[in-house]
Amino acid sequence: MIQETFAIGDSIIHRLDPRVRVVFATLFSFLVALSDRFPTLYAAFGISVLMIIPARLDIREAGKRLKTLFWFMLLIWMVLPLTFEGDTIYRLGVFAVKRQGLVLCAQITLKAVSILLIFMALLSTMNINTLGHTLNRLSVPGKLVHLFLITYRYIFVIEEEYRRLRTAIKIRGFKSGTNLHSYKTHAYLLGMLFVRASIRAERVHEAMLCRGFHGRFYSLDGYKPSRKNRNFSIIMTAAIACLTFIEYYPI
Amino acid sequence: MNKPAPDRIPLIRLSGVSYRYPGADTNVIDNLDFQLYPGDRTGVMAPNGSGKTTLFYLLMGLLKPSDGLIEIFGKPAETEKDFEQIRRRIGLLFQDADDQLFSPTVLEDVAFGPLNLGKNQEEARDIAMKTLNELGLDGYENKITFKLSGGEKRLVSLATVLAMEPDVLLLDEPSTGLDEKTKARLVNVLLNLDLSYILISHETSFLYDLTDSVYTMRQGKMKRAEKIHVHPHVHPHTSHIRHHH
Amino acid sequence: MNKPAPDRIPLIRLSGVSYRYPGADTNVIDNLDFQLYPGDRTGVMAPNGSGKTTLFYLLMGLLKPSDGLIEIFGKPAETEKDFEQIRRRIGLLFQDADDQLFSPTVLEDVAFGPLNLGKNQEEARDIAMKTLNELGLDGYENKITFKLSGGEKRLVSLATVLAMEPDVLLLDEPSTGLDEKTKARLVNVLLNLDLSYILISHETSFLYDLTDSVYTMRQGKMKRAEKIHVHPHVHPHTSHIRHHH
Amino acid sequence: MHISEGVLSGPVLLSGGALAAAGTAIGLKKIDYDRIAQVGVLSAAFFVGSLIHVNIGPSSVHLILNGMVGLLLGWGAAPAILIALVLQSLLFQYGGITVLGVNTVIMALPAVICYYVCGPLIRKKTSIAAVGAFAGGFLSVFLSAVLMAAALFFTEKNFWGVAAAVIMAHLPVMAIEGVISVFCISFLKKVHPAILPNYSG
């Protein structure tokens, strides 16, 4: 089952204006992605870890989500130091561990973890429909936002349909394997999902027409500016300024 | 109540209306005559595949008749422009609430209609809250649509339609899949509405509780069910012998 | 027929079975005892939300009981392995045929089960044709499943289940949404099957036509409906006055 | 198929972002307002479809389906894929904000190419359609792997080994997507051909 685990909560972060969160998460992420110096990366890592505290994330759940990253990290730590061209700092038989490879692995790891943590703290803590409307107010086109919200809305309906079809093939003795019968069955289930989605979409469109839809999209969200938003904005601006300074004006 | 009165203009009048799906060889709606007058609460009992949903689609202009004339609010309804106006005043409750509730939250869904009717954010929000309140759905406004139960979805769908303050309601099998409690709640809501409506259902008692006259629909034609009144009885029996009248 | 006989092993035996959905605060199936013996045709009358579908899901191993023991074909049914064997011998007809049918053509859908049971293409095809034939669906094999009418889909679903030659059938509201003709056809098919089954329906006459004993289900418990016999009457009336007993 | 955060260089990230924005803009322009529900609900179906795991030998892979997205939605694939990626990062934490553009290009560009190259084929008679459908599934994953390799290579020449491995690792996936897409397209043509763009008869 698809769930928005972090969206439910009542931390300081949850109560911040979503626009502020989207803007700073984006700025912070790009700054980190474009930085190379270790002092900057360490500082960014520190900030993102600290950010988890006011967001009151479930640590275990956060760890589970970082796990998708873990396997990728394991792979690069095993491959890059050996395949990179550069100065050998350690030799083990035919394998030569290169310094440049290790440095790159460390950079990637710090960047990836920092960006994902800030994402979890600032963005995963809002409802997806809130995010949709926020993007709209940040001048993302209404059509795209509307598409986004419809997609999100119907994922759950279609996932239910998919699960019922899975049950249907299971009780008729289906076991997935590496053979044409299995692939064909999966393809048919998929085809069925598409057909039903397409026919449902016609009805959804009709329902929209019945309620006066004529191509315009409206949004109902409204967050009032508050002192908390201002304080958070000041803190984040300062943090980003510091990171930029460290990166581009090394002492 | 459903007698043609010369001095009253019907809300809806169908004269010889037929509809045939492209590629089909029979009419699903066949030379149909029908009127709905202000204050009418008309029931239609119809098995699946009898064209009942098609009838509603024709009235909303989602399908165009192959033949015949549709007049709504005293004017012929033919072009998409005509129906754009009509859809502001006729509310259709879909059979599957998931088709009707396409917004992620309840409030947005209920406010969608009013916003499209030209209300501003503030007004639309107020109308939505008021409608939810009237249906006993206070506190539902920020709920996520897909997490509602089947019964709640049905009631919220009704709210989305009522928020547009229609003159006529078209209800397509509103009781399907509801438990007894939600069904009773729905009956209660509908009985207290000051609206004309056409109600399609296959549940006899539901239909008779909510409407003044009942039609049956078969092979694209409608027939007044004036003499036949089907309703369930509960009899005590002491044996298991099957029992027919 | 449904009396416990010491020398006969029940096909299905539930002893004190309970089920509670994660996060719910009441049991949807509550300490349920039930047996189905070979030859039994048992009806269950149950309103929506009473746990009827849950009962079938427990019997098919799609849900695991929170408490109690399920024995099927004389052996405890607990692990996924147990149920893999059981699913070859118990056929479940879903409430909504659209959830059961997923192949482009009728033939492929009916042959799907036999193929999974290890038959080759030739054999599976023969079984499918034979089953369709038995249900009076000759000539349907190359039709597009999705385009069939609701009634035809119900019959094809039944064919997909029967093609696996089960010992027991579980039928979940098979008459919903069918017109009288298709319903009669379904009754006819079921009466001529030499199978034990459990039939859930809210249609009294349908239930009594097809089963030897009827239970009612409410709040997760089942009760033999020995004394109460609910069935519809058709009365001629000359007026429109509502009429209750 | 996606590249993780932290790996790519600034120029690659930024050009990916620009390309994705342009593609999405074209896609949005091509979806007129009575197709919004169609594209939205189908995107949801693709999202769910991409969670399906199929077996290969002892292991399993999940479907990518960008070829099918292209065949069904044309240029609409660009916004559809962008949306799917945003939802994936929100729900499963697959990547964050900075790689969104590059990952959209990796998935959506092949989808649009398939729409133009294989789209006309699948509307033909059975055998040509089957070839077209297989090519649609195979090519889309192949091109995505190539684009992914290119993104890595332009970031750092030393990534060439990893880049080659990416392409190799996806070979079986390409074959499976090809097969799935043959059956899926034949299903759609039989059951509901109107779902395919510009389909007649």
Side-chain angles (χ1 to χ4, degrees), chain A residues 1-5 7-8 10 14 126-137 142 145-161 163-164 196-224, chain B residues 53 56-57 59-63 80 83-122 124-125 128-129 141-148 153 157 160-161 163-164 166 170 172:
Chain A
M1 182 61 200
I2 300 163
Q3 275 175 325
E4 292 168 69
T5 323
I8 307 142
D10 190 29
H14 284 89
M126 67 177 84
N127 282 324
I128 286 180
N129 65 300
T130 307
L131 176 66
H133 293 304
T134 306
L135 292 175
N136 195 214
R137 289 193 297 148
V145 170
H146 200 63
L147 264 181
F148 175 73
L149 293 178
I150 289 187
T151 305
Y152 164 65
R153 163 71 180 89
Y154 284 99
I155 281 176
F156 301 92
V157 175
I158 291 169
E159 202 212 6
E160 268 303 310
E161 284 181 1
R163 270 200 288 180
R164 288 197 296 265
R196 289 173 69 164
S198 169
I199 285 171
R200 183 183 292 279
E202 279 166 32
R203 294 193 303 260
V204 170
H205 178 63
E206 285 154 359
M208 288 166 69
L209 286 182
C210 286
R211 282 201 274 150
F213 177 69
H214 46 83
R216 267 204 65 188
F217 306 102
Y218 305 88
S219 177
L220 266 188
D221 253 24
Y223 272 81
K224 306 254 172 331
Chain B
T53 305
F56 281 178
Y57 272 40
L59 294 177
M60 297 300 277
L62 300 169
L63 294 172
E80 182 63 18
F83 281 108
E84 270 173 25
Q85 292 310 310
I86 287 164
R87 288 181 200 132
R88 296 167 159 250
R89 295 177 57 192
I90 301 189
L92 167 59
L93 191 73
F94 279 58
Q95 197 168 349
D96 185 348
D98 274 323
D99 295 337
Q100 188 141 24
L101 302 175
F102 43 76
S103 304
T105 68
V106 170
L107 183 66
E108 283 168 56
D109 235 321
V110 182
F112 183 89
L115 283 171
N116 279 312
L117 293 184
K119 310 283 185 208
N120 67 33
Q121 283 212 21
E122 199 78 16
R125 179 187 288 268
M129 295 299 281
E141 57 273 17
N142 291 322
K143 291 210 182 189
I144 305 290
T145 320
F146 71 81
K147 287 184 182 160
L148 301 176
K153 277 185 192 165
S157 303
T160 65
V161 172
M164 296 178 73
L170 308 178
D172 193 352

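Throughout, protein chains are lettered first and strands after them, A, B, ... in sequence-line order, and every chain is numbered starting at 1. Everything numeric here is computed off the predicted structure, so don't read it as measured data.
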**Student:** Please round to the nearest 0.5 Å and tell me the distance separating atom NE2 of H146(A) and atom CZ of F102(B).
**Tutor:**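 Between atom NE2 of H146(A) and atom CZ of F102(B) there are 6.5 Å.
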**Student:** Write out, in numerical order, the residues from residues 111-118 of chain B with a heavy atom short of 4.5 Å from a heavy atom in chain A.
**Tutor:**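 So far as heavy atoms go, A111(B), F112(B), G113(B), L115(B), N116(B) are the residues that approach chain A to under 4.5 Å.
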**Student:** Just checking E80(B): does its CD atom have more than 12 heavy atoms from other residues, nucleotides or ligands closer to it than 6.0 angstrom?
**Tutor:**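 Result for CD/E80(B): enclosed.
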**Student:** Side chain from CB out, backbone as N, CA, C, O: work out which of these in S103(B) comes under 4.5 Å of a heavy atom of chain A, or both, or neither.
**Tutor:**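 Just its backbone gets close to chain A.
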**Student:** What part of Y152(A) lies closer than 4.5 angstrom to a heavy atom of chain B: side chain, backbone, both or neither?
**Tutor:**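 It is the side chain, since no backbone atom gets that close.
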**Student:** Is Y57(B) in contact with chain A via its backbone, its side chain, both, or neither, using a 4.5 Å heavy-atom distance?
**Tutor:**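 The answer is the side chain of Y57(B).
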**Student:** What's the spacing between D98(B) CG and E160(A) CD if we round to 0.5 Å?
**Tutor:**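 With rounding to 0.5 Å, CG (D98(B)) is 9.5 Å from CD (E160(A)).
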**Student:** Can you tell me if R153(A) uses its side chain to pair, donor with acceptor, with the backbone of L101(B) under 3.5 Å?
**Tutor:**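 Pair found, side chain donor or acceptor close to backbone of L101(B).
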**Student:** Look at the side chain of R211(A) and the backbone N and O of D109(B), then say whether any donor-acceptor pair between them is shorter than 3.5 Å.
**Tutor:**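 Yes: the side chain of R211(A) pairs with the backbone of D109(B).
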**Student:** Which region of E84(B), side chain (C-beta onward) or backbone (N, CA, C, O), has a non-hydrogen atom less than 4.5 Å from a non-hydrogen atom of chain A, or is it both or neither?
**Tutor:**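 When you check distances to chain A, no heavy atom of E84(B) falls under 4.5 Å.
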**Student:** Please report the interatomic distance SG(C210(A)) to CD(Q100(B)), rounded to the nearest 0.5 Å.
**Tutor:**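 These two atoms lie 7.5 Å from each other.
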**Student:** What part of V204(A) gets within 4.5 angstrom of chain B, counting heavy atoms only: side chain, backbone, both, or neither?
**Tutor:**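 It is both, since atoms from each part get that close.
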**Student:** Relative to chain A, which of D96(B), I144(B), I86(B) shows the most heavy atom pairs under 4.5 Å?
**Tutor:**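 Highest number of pairs under 4.5 Å: D96(B).
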**Student:** Identify which part of F94(B) has an atom lying under 4.5 Å from any heavy atom of chain A, answering side chain, backbone, both or neither.
**Tutor:**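 The side chain, not the backbone.
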**Student:** Kindly compute the distance separating CD (E206(A)) from CE (M60(B)), expressed to the nearest 0.5 Å.
**Tutor:**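 The CE atom of M60(B) is 10.5 Å from CD of E206(A), to the nearest 0.5 Å.
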**Student:** Specify the closest pair of heavy atoms between L209(A) and R87(B), including all atoms of both residues, with the distance to one decimal.
**Tutor:**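 The answer is O-CD, 3.4 Å.
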